[in-house]
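As the structure is a prediction and not an experimental result, all values here were calculated from the model. Below, all heavy atoms of this structure are taken into account, side chains as well, without hydrogens, waters or symmetry copies. Throughout, numbering of the chain's residues begins at 1 and tracks the sequence.
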Amino acid sequence: MEPTSTDDRRAVLLLAVGAAAGIALAGFGIARSGGDGGALPPDAVAVVNGQPIASEAFARFADAVATERRQELDTAARRRLLERMIDEELLLQRGVALGLARHEPTARRSIVAAVIASVAQDAGREEPGEDALRSFHAEHAERFTRAGRATVDAAFVSLRERPDREGWERAAEIARRTRAGGSFAEVSAELGDPPAAPLPGGPLPAETLRRYLGPTAALAAERLAPDEPSDPIRGVGGYHVLLVRERVAGKVAPFDEVRQQVRSEYLRARDEAALRETLDALRADASISVDEGRLGAR
């Protein structure tokens, strides 16, 4: 249904603005359970068209405003806050009636986010114990594996004072002579140029290689066999030739060193499982029709 009057259009506009600011839906948890519009439920501070506004939600809202203002709120101020929540509830109801909650992207995202947050809150009421965390660490070791490292020698041929073709040929000659048994260090010193930032010595993680060599050369280093020089790799300002001397495999970080990370991953996995379970239940009870013929690319 489309708005048919100035008041309707104003309600749509106000609800859209309110949605962009959060309309207190996710932030303060406006209750959405049904009611009959009669006496207030024991846990409600107001009822709007049969929909209660929870006392707990109002208390959180008032506490947040008091904290922001750094002063206690008097009765008049608290009444004004309640009136604001009532206004927001009325706008929300009006927006739902106008179809805005379904079709306005910001309101839709706010509602979906609030439901997801509610599912996660219900799933995460109990703090995981030590045994559960240690089991999760063991069962999902790949999440806590530290990246491997590689000791890499790098030759660099600058293009600052030579054309691209000549730079590539010099880099290719470094690789050819090394493969023929020449010393990589000696050939690099003879045909290469000093890099702007020499690689640090010792085993280096992929992140450090990317920082010094660039993403293309770092990816090539990950794929190189030990003691096999690379072909010329174009980088910023010139060509690289790489030689991997040694690789150190990644290893699982000990539980005691990554306990907080394990806890975070455990809670995230629990929230995802709870959400998936909720969605599966909703799908089981829903009537869903799909026209497969309309899924093709246009």
Side-chain angles (χ1 to χ4, degrees), residues 130 133-269 272 297:
E130 191 79 1
L133 293 179
R134 287 186 178 275
S135 295
F136 186 84
H137 175 262
E139 294 168 5
H140 301 277
E142 72 283 355
R143 302 191 186 198
F144 313 106
T145 299
R146 291 170 174 162
R149 296 170 175 253
T151 301
V152 179
D153 292 342
F156 179 71
V157 178
S158 174
L159 297 178
R160 178 174 296 180
E161 298 179 358
R162 59 176 63 94
D164 189 284
R165 182 64 185 178
E166 181 183 344
W168 182 90
E169 290 175 347
R170 290 173 75 93
E173 182 65 8
I174 293 174
R176 187 192 68 78
R177 287 169 58 175
T178 302
R179 292 190 184 108
S183 165
F184 184 81
E186 293 177 2
V187 176
S188 299
E190 178 184 342
L191 300 176
D193 301 296
L199 274 177
L204 302 174
E207 180 182 351
T208 301
L209 293 175
R210 281 194 296 271
R211 188 164 63 250
Y212 278 85
L213 302 174
T216 303
L219 182 60
E222 292 180 16
R223 298 173 176 174
L224 275 177
D227 298 321
E228 176 66 22
S230 71
D231 292 328
I233 304 166
R234 187 67 159 85
V236 177
Y239 284 93
H240 299 282
V241 179
L242 308 178
L243 185 72
V244 175
R245 295 293 185 187
E246 180 187 16
R247 290 193 185 280
V248 179
K251 63 179 182 179
V252 180
F255 173 81
D256 290 336
E257 293 183 11
V258 291
R259 189 185 189 285
Q260 283 303 113
Q261 182 186 348
V262 174
R263 178 182 176 277
S264 297
E265 288 290 317
Y266 178 95
L267 295 177
R268 183 170 68 85
E272 290 174 353

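Contact check for E130 versus R259: side-chain heavy atoms found under the 4.5 Å cut-off. Side-chain contact between H240 and T216 is absent, with no heavy-atom pair separated by less than 4.5 Å. At a threshold of 4.5 Å between non-hydrogen side-chain atoms, the residues E228 and R179 count as touching. Annotation: side chain of E222 is not in contact with side chain of L209 (no heavy-atom distance under 4.5 Å). For the pair R165 and W168, the minimum side-chain heavy-atom distance is below 4.5 Å.
Residues R146 and A253 approach most closely at NE-CB, 3.6 Å, considering heavy atoms. Nearest approach of Y212 to P198, heavy atoms of both residues: CE2-O, 3.3 Å. Of all heavy-atom pairs spanning T145 and G250, the tightest one is CG2-C, 4.0 Å. Listed here is the closest heavy atom pair of A221 and V244: O-CG2, 3.7 Å. The two residues A218 and L213 have their closest heavy-atom pair at N-CB, 4.5 Å. Contact detail for F184 and L242: the closest heavy-atom pair is CZ-C, 4.4 Å.
Here the straight-line distance linking atom CG of L133 with atom CD of Q260 works out to 9.0 Å at 0.5 Å rounding. One finds the CZ atom of R162 at 4.5 Å from the CG atom of D193 (value rounded to the nearest 0.5 Å). In this structure, CG in L219 is found 9.0 Å from CD1 in I233, a value given to the nearest 0.5 Å. Rounding to the nearest 0.5 Å places CZ of R143 at 4.0 Å from CZ of F136. Annotation: the span from R176 atom CZ to I174 atom CD1 amounts to 11.5 Å, rounded to 0.5 Å. Remark: R134 CZ to D256 CG distance equals 5.0 Å, nearest 0.5 Å.
With R247 contributing its side chain and A225 its backbone, the two residues share no donor-acceptor pair below 3.5 Å.
Atom CD of E142 has more than 12 heavy atoms from other residues, nucleotides or ligands within 6.0 Å. Atom CD of E186 is surrounded by 12 or fewer heavy atoms from other residues, nucleotides or ligands within 6.0 Å.
Under the 4.0 Å criterion applied to side-chain N and carboxylate O atoms, R170 and E173 are not assigned as salt-bridge partners. Taking the charged nitrogens against the carboxylate oxygens, R210 and E207 have no contact shorter than 4.0 Å, which rules out a salt bridge.
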Run the side-chain donor-acceptor check on residues 148-161: report pairs under 3.5 Å with partners two or more places apart or on a different chain.
| unit_1 | atom_1 | unit_2 | atom_2 | d |
| --- | --- | --- | --- | --- |
| D153 | OD2 | R245 | NE | 2.6 |
| D153 | OD2 | R245 | NH2 | 3.2 |
| S158 | OG | R160 | N | 3.0 |

